[in-house]
Amino acid sequence: MVVMDILGELNPEQVSAVRETSGPLLILAGAGSGKTKTLTHRVANLIVNQGVDPSDILAVTFTNKAAREMRQRLGSLVGRNASDRMFMPWMGTFHGICVRLLRIEGAAIGVADNFVIYDDSDKQGLIKQAIKHLQIGDKALKPKSVSSAISNAKNSLVLPGEYAATAYGPYQTAIAKIYQQYEAMRVKAGALDFDDLLIEIVRLLKEHPTIRHKWQSKFKHILVDEYQDTNAAQYQIVKLLVNEDRNICVVGDDWQSIYSWRGADFTNILNFERDFPGTKVIKLEQNYRSTKAILEAAQNVITKNVKRTDKKLWTDGDSGLPVQVHQVYDEAEEAHTVARHIFMETETKVRDFSDYAVLYRTNAQSYTLERALLQMRLPYQIVGGVRFYDRKEIKDIIAYLRLVYQPSDRMSFSRIVNTPTRGVGATSLEKFLIWQMTSGFDIVSALINVEQTSTITKRAKTALAELGSKIRILQAMVEENKMPAEIIEKLLKITNYRDFIQDGTPQGEERDENIGSLLSDAKNFVSLTDYLEEVALMSSVDTASDDNVVTLMTLHAAKGLEFPVVFMVGVEEGILPHARVYEAGPDELEEERRLCYVGMTRARQELHMLHASSRLQFGQRSYSLPSRFLDDVAADIVPRSETSSYSPDEPSYDMVPEFDINDRVESLQFGTGQVVDVDGMAVSVKFDSGTTKKLNVEYARLQKIG
DNA sequence: CGGTTGCACTTTTTT
DNA sequence: AGTGCAACCG
């Protein structure tokens with residue numbers, strides 16, 4: 001009976017994907033083929049009908065959000081509470097799972113259980129310090145490129161020694177030195193970067209057979225989603241965790257591999273059958289998401305690629321509207337076209353805001369779209385972009401917490417030592433750190449004992465000692481297992497942090513509100529370890545809400561999602577495909593095509609692709625051609641005149657009001673003020689708030705008043 | 001020491 | 001155009 005429940009709503013291929021419970025299984029799941037559903041049912045079937053203990057199942061997803069969703073669906077499928085952690089399988093991203101394992105087993109390879117996780121900006125900061133320490137003056141060594149070089153090395157499991165041995169030329173030699181120095185400093189700070197989380201697990205499982213066997217026999221069934229986007233380290237982890245029963249099921253689609261730039265290698269999925277002889281292969285080709293028109297256009301785009309598997313997605317759904325291609329004059333018109341379309345349909349209640357997604361290649365493109373949506377008062381959310389936890393004020397608080405948690409974390413200490421300002425400048429900081437290194441104290445103890453050094457001014461000493469006692473107070477709270485939110489509240493209080501950021505400006509107000517959000521979010525956690533881990537591993541899509549708002553995000557962030565109406569903007573040569581791949585090879589161009597395919601297949605009913613003739617880039621206007629990918633889209637070309645025929649507020653010259661000096665004006669953004677200068681379209685206004693702004697009247701939407 | 005100003009650089013994509 | 005960083009001045 002339960003079997004019926006679990007298999008009832010599935011098509012024959014999906015059913016066999018669920019029933020094939022032993023041995024290696026490869027599921028090639030096309031876009032929209034019900035992959036998540038199949039995976040969830042598979043897990044449910046293992047638990048309910050095969051009697052597998054949930055905690056013996058390991059399910060790896062690409063984002064935390066995907067894990068959460070799966071947990072939810074699984075819960076309702078088997079009639080259990082999704083938040084019942086005791087019942088649930090091990091679910092999470094590779095990074096999340098690795099952190100969990102490291103907290104348990106890290107001691108075996110010398111990883112203390114209070115390690116902190118460095119994100120990309122922490123990593124680049126440390127690389128800068130390493131470069132400085134090594135006194136490498138070469139300007140060609142940008143922290144960013146060094147960072148990705150080190151990442152590539154790590155993801156291919158190349159350690160510093162090995163890298164140095166094979167380094168060729170002055171550039172690589174320099175990188176090798178920095179890599180080594182970076183590692184030394186990172187270990188000393190008690191930190192792991194994203195890549196370390198993976199490769200330390202590889203090391204653990206390789207070097208410690210007993211531990212490996214323990215986890216191999218623990219995980220009786222392993223499932224990996226988005227297998228086409230695994231890198232070398234993740235591949236190793238899978239191989240090391242699979243036991244002799246080889247109950248390994250991977251799901252993926254080489255057509256949707258879009259992360260090769262961060263080490264993902266879709267040959268992992270192509271080679272799966274070779275890696276696990278006797279693999280059963282199941283193809284899911286029936287699409288339940290998109291109309292025939294969208295599916296066909298997407299198929300036409302992707303099949304131009306040479307390196308790919310063969311498959312044919314089909315649907316028995318409607319043919320639907322043809323894909324619409326809009327040519328527009330520039331990025332502003334592009335944004336207005338999108339906003340206007342959404343405005344018309346939501347105003348007439350044809351659709352909800354949440355029916356729409358606007359997808360773009362680069363984050364920088366979101367700016368114009370945002371402004372257009374704001375102007376028409378359309379509610380929206382940006383997924384990714386400047387992440388919440390990347391904001392200065394949030395990073396400050398997190399840095400405090402990390403230092404409390406890991407008193408060797410020099411990066412975090414350097415960040416907060418003079419935040420809020422307490423009279424400790426670069427000179428004092430350097431002197432303090434030099435002394436601290438030789439003193440044998442960790443940073444917090446060194447702060448408390450700072451009077452023992454003679455090199456620092458009395459003023460700075462007092463400030464440092466005070467900071468030390470504050471950190472000590474917070475450490476005591478951690479030892480008493482106080483809740484993270486409580487600790488943050490105390491921290492804000494004793495540092496006066498909120499007064500520090502409230503400088504009377506609206507931005508200061510916004511920062512303070514962000515601190516408020518941080519606090520309410522922290523209330524969901526019961527331990528500082530969990531909280532810091534969540535903060536570090538939160539991905540950009542994880543922050544998406546399901547409120548009734550328009551969603552803006554990059555094509556990458558859209559992977560795995562679907563929307564009734566999708567707008568792809570900037571479908572131009574130089575953007576999609578991105579200009580960077582022109583100098584790269586055909587493989588990179590194929591990845592751009594896959595990216596285009598991923599974007600197109602997000603759409604359920606309507607797909608709009610827009611390209612502008614001109615666009616502002618780097619503050620300069622540049623001209624671009626329609627993307628080559630559009631050549632393969634069987635589409636209706638929407639003429640320009642049609643897209644701009646209904647025009648509630650298209651800026652046009654006869655609509656732009658004339659201004660004279662001394663006119664009283666009002667702006668939505670800046671309030672009321674007085675015109676002090678007029679120069680063609682540029683009008684300078686002294687606002688009543690005190691600030692003077694030079695505004696372009698075509699866009700600033702100034703209203704004459706009085 | 002700390003704030004301000006000016007300059008250079010930016011744009012792929014993110015766990 | 002916006003941001004981050006380096007040099008400069010108070």
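Residue numbers start from 1 in every chain, and the chains themselves are labelled A, B, ... in the order their sequence lines are given, proteins ahead of strands. Bear in mind that the values here come from a model prediction, so they are computed numbers and not experimental data.
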Quick one: [X] [atom1] to [N] [atom2], roughly how many Å, whole number?
{"X": "A:Lys154", "N": "B:dT15", "atom1": "NZ", "atom2": "P", "result": "18 Å"}
{"X": "A:Lys65", "N": "B:dT14", "atom1": "NZ", "atom2": "C1'", "result": "16 Å"}
{"X": "A:Leu198", "N": "B:dT15", "atom1": "CG", "atom2": "C1'", "result": "8 Å"}
{"X": "A:Ile131", "N": "C:dA6", "atom1": "CD1", "atom2": "C1'", "result": "16 Å"}
{"X": "A:Asn152", "N": "B:dT13", "atom1": "CG", "atom2": "C1'", "result": "14 Å"}
{"X": "A:Glu592", "N": "B:dT13", "atom1": "CD", "atom2": "C1'", "result": "8 Å"}
{"X": "A:Asp120", "N": "B:dT14", "atom1": "CG", "atom2": "C1'", "result": "8 Å"}

Which comes earlier along DNA chain B counting from the 5' end, the contact point of A:Arg459 or that of A:Glu591, where each point is its nearest nucleotide? A:Arg459
Need to verify one output field. Residue with the more 5' nearest nucleotide on DNA chain B, A:Leu595 or A:Val424? A:Val424
Whole-Å P distance, B:dT13 and C:dG4: 15 Å
Looking at [X], I'd like to know whether one of its side-chain N or O atoms comes within less than 4.0 Å of OP1 or OP2 on [N].
{"X": "A:Asn363", "N": "B:dT14", "answer": "yes"}
{"X": "A:Thr421", "N": "B:dC1", "answer": "no"}
{"X": "A:Thr63", "N": "B:dT15", "answer": "no"}
{"X": "A:Asn64", "N": "B:dT15", "answer": "no"}

Ring-on-base stacking between A:Trp261 and B:dT13, under 5.5 Å between centres and under 30° between planes: is it there? yes
Listed by chain and number, what are the ring-ring contact (aromatic ring centres under 6.0 Å, His included) partners of [X], not counting sequence neighbours?
{"X": "A:Phe413", "answer": "A:Phe432"}
{"X": "A:Tyr118", "answer": "none"}
{"X": "A:Phe525", "answer": "A:Tyr531"}
{"X": "A:Tyr259", "answer": "A:Phe62, A:Trp261, A:His556"}

Anything under 3.5 Å between a protein N or O and an N or O of nucleotides 2-4 of chain C, put it in a table, one pair a line.
{"residue": "C:dG2", "atom": "OP1", "partner": "A:Tyr367", "partner atom": "OH", "Å": "3.4"}

Please tabulate, one pair per line, each protein N/O and nucleotide N/O from nucleotides 7-11 of chain B that are separated by under 3.5 Å, including the distance.
{"residue": "B:dT11", "atom": "OP2", "partner": "A:Lys144", "partner atom": "NZ", "Å": "3.2"}

Could you please spell out the steps behind the side-chain hydrogen bond (donor to acceptor under 3.5 Å, both in side chains) verdict for A:Glu393 and A:Asn514? CA-CA 8 Å; A:Glu393 59 276 18; A:Asn514 287 336; 2.7 Å; yes
A:Ser121 and A:Lys395: side chain donor to acceptor below 3.5 Å: yes
Can you run down the salt bridge (charged side-chain N to carboxylate O under 4.0 Å, His left out) pairs that involve residues 410-427 of chain A, sequence neighbours left out, and say none if there aren't any? A:Asp396-A:Arg415
Check every strand shown and say whether A:Phe94 touches a base, only sugar-phosphate, or nothing at a heavy-atom separation below 4.0 Å. nothing
Name the nucleic acid region contacted by A:Asn418, choosing base, sugar-phosphate or nothing; use a 4.0 angstrom heavy-atom cut-off, strictly under. sugar-phosphate
side-chain hydrogen bond (donor to acceptor under 3.5 Å, both in side chains), paired with A:Asn268, selected from A:Thr230, A:Asp254, A:Asp229: A:Thr230
Quick one: side-chain contact (heavy atoms from CB on, under 4.5 Å) partners of A:Ala536, sequence neighbours excluded? A:Ile117
Using the salt bridge (Lys or Arg N to Asp or Glu O under 4.0 Å) criterion, which residues pair with A:Arg594? Sequence neighbours excluded. A:Glu591
